[in-house]
*Asks:* 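This is the structure I have questions about; it appears just below.
Counting convention: from 1, in listed order, for ligands and their atoms alike. Values in this document were obtained by computation on a predicted structure and should not be read as measured data.
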Amino acid sequence: MTDLLKKAYDPEIFRERGYKVVNIIADYLKECLDKKDVKVYPGIPPEEMLNMFAHDFKGSYVNDPANDLLLMSENALRLHHPGNIGHQVTPSLPLAALADLFGSFLNNGMAVYETGPAATVLEKIVINWLVKELGMTGNADGIITSGGSLGNLTALLAARQVKAGHDLWDQGMTHNERYAVLVSEESHYCVDRAIRIMGWGSKGVIKVPVNSDHRIDLNTLETKYREAMNDGVKVLAVVGTAGSTPTGTYDIMHKLADFCSDNNLWLHIDAAHGGAAAISGKYKHLVRGMERADSVVIDFHKMFMAPALATAVIFKNGEYSYRTFEQKASYLYQEQSKSKSKSKSKSKSKSGSEGGNEGWYDSCKRTIECTKRMMGAKIYIMLRTYGQQLFSNYVDVTFDSAKQFANMIRKNRDFELLTDPSCNIVCFRYVGGSKGSGLNDLNSNIRDRLLEDGSYYITQTDIGDNIYLRITVMNPFTGKEEFEGLLKKIWEVAGE
Ligand SMILES: *Cc1c(COP(=O)(O)O)cnc(C)c1O
């Protein structure tokens with residue numbers, strides 16, 4: 001044992017530092033919510049930022065970590081500031097961040113039940129709750145994984161295994177088959193990436209254009225499907241979006257579900273952002289039909305106020321959640337867990353594939369991760385402390401705010417609204433009275449200037465050949481004052 005190690009684990013030193021850190025967090029939060037005149041985005045270029053934090057770590061360390069933490073907060077993108085209206089990342093709920101810290105400290109990796117007993121059941125409880133709220137009946141089930149990107153891959157791997165027609169997981173691509181997935185043009189890039197990871201290349205991704213309301217065009221979907229089948233490409237799935245990344249649009253999911261059931265295709269809905277509407281009385285209608293999907297992905301770190309990462313992957317048929325990694329090695333996990341599970345005796349699974357959900361408590365059977373974080377814990381704590389009402393309030397407030405902003409844009413001749421927002425994402429651009437060419441450069445420059453200025457943070461997106469400015473209202477404290485301030489700032493920089 002060394003002195004240094006002893007100090008590093010000393011409970012009393014930790015207690016003192018811990019209080020300090022909580023104070024730093026509370027001060028930061030207050031500063032943000034009081035709209036203190038701080039920059040939302042620091043606007044410091046990467047190399048300069050690098051120098052600010054670079055050290056050789058070789059000294060004898062008696063540093064107070066508070067200084068470094070303060071420097072981090074000073075140079076962060078301030079999600080909790082109402083002037084942050086940029087990406088789809090939530091200003092994490094303070095309590096959820098604490099629960100996350102607690103989970104980090106317990107560090108119960110939960111690859112198998114033994115390594116995270118409480119963590120394992122919290123995940124199950126959270127998933128069961130969500131499944132019910134989504135309106136899925138029967139044996140729907142799922143898992144929590146690290147992010148929407150991984151979640152979409154997890155679901156598509158299951159789709160592949162179930163729909164491919166042979167045991168692809170075991171035999172690989174033996175038949176020179178060509179597989180593909182029909183994907184909305186507005187889908188997140190990670191869907192395209194997941195398909196390429198599966199080895200199907202760019203041809204495996206059949207992009208289906210959206211129509212003027214930014215939803216998958218159903219006629220083209222049909223045409224693309226026929227074309228692919230005529231070319232000898234086996235289409236296995238359709239990926240729809242509930243809250244698309246560029247515009248926040250929801251596909252017409254019950255139509256997609258009809259199409260998929262007519263053609264024996266897997267329907268996956270990427271609801272990473274917009275799935276939370278299911279919790280809201282007011283906006284539940286947006287996710288109509290989603291309960292018919294074979295798989296659904298929902299990020300808790302977007303519209304559920306949880307710190308990153310935590311993503312639910314839900315399967316309408318819970319048994320399919322075991323198909324992602326259809327490996328005989330699953331017996332290995334069962335062998336392991338037999339000894340510790342008194343409730344379930346031997347596995348009743350001989351068939352393997354449809355083997356039921358025995359062993360649900362060994363999470364690594366169904367996730368890409370082996371060790372993973374205690375992701376269910378923070379959601380459970382939020383639910384226990386505030387009830388699910390908190391989530392519906394959050395959805396209602398942020399979606400309503402976005403509509404308010406869209407109304408302001410609509411009434412303003414200098415701005416143009418791309419489309420009525422479905423959720424809390426709004427695309428618009430500055431037209432400054434004219435609708436001529438040069439608008440792309442103008443809007444792109446406006447965004448650069450906003451970044452330099454730092455008092456508001458927004459993003460931009462390409463829609464067709466046009467560049468639009470884009471806001472996402474993730475902060476429930478963002479309101480009229482910020483919207484007016486933002487528009488004023490845009491006028492200012494556009495004038496220069
Ligand atoms: C954010 C998002 C993703 C990616 O999820 P991560 O958690 O960032 O990996 C995928 N799809 C949609 C629709 C999203 O909004």
*Asks:* Val395 and Ala277: which non-hydrogen atoms are nearest, and at how many Å?
*Replies:* CG1-CA, 4.3 Å

*Asks:* So which protein residues pack against ligand 1 under 4.0 Å, heavy atoms counted?
*Replies:* Gln88, Gly147, Gly148, Ser149, Asn152, His188, Cys190, Gly243, Thr245, Asp270, Ala272, His273, Asp299, His301, Lys302

*Asks:* For the ring pair Phe391 and Phe304, is the centre-to-centre distance below 6.0 Å?
*Replies:*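 Yes, they do, as the ring centres are separated by less than 6.0 Å.
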
*Asks:* With a 6.0 Å cut-off on ring centres, are Tyr320 and Trp266 close enough?
*Replies:* yes

*Asks:* Is it true that Asp396 and Lys282 make a salt bridge, defined as a side-chain N closer than 4.0 Å to a carboxylate O?
*Replies:* no

*Asks:* State, without any angle test, whether Thr459 and Arg470 hold a side-chain donor-acceptor pair at a distance under 3.5 Å.
*Replies:* yes

*Asks:* Using the side-chain contact (heavy atoms from CB on, under 4.5 Å) criterion, which residues pair with Pro476? Sequence neighbours excluded.
*Replies:* Pro91, Tyr394, Val397

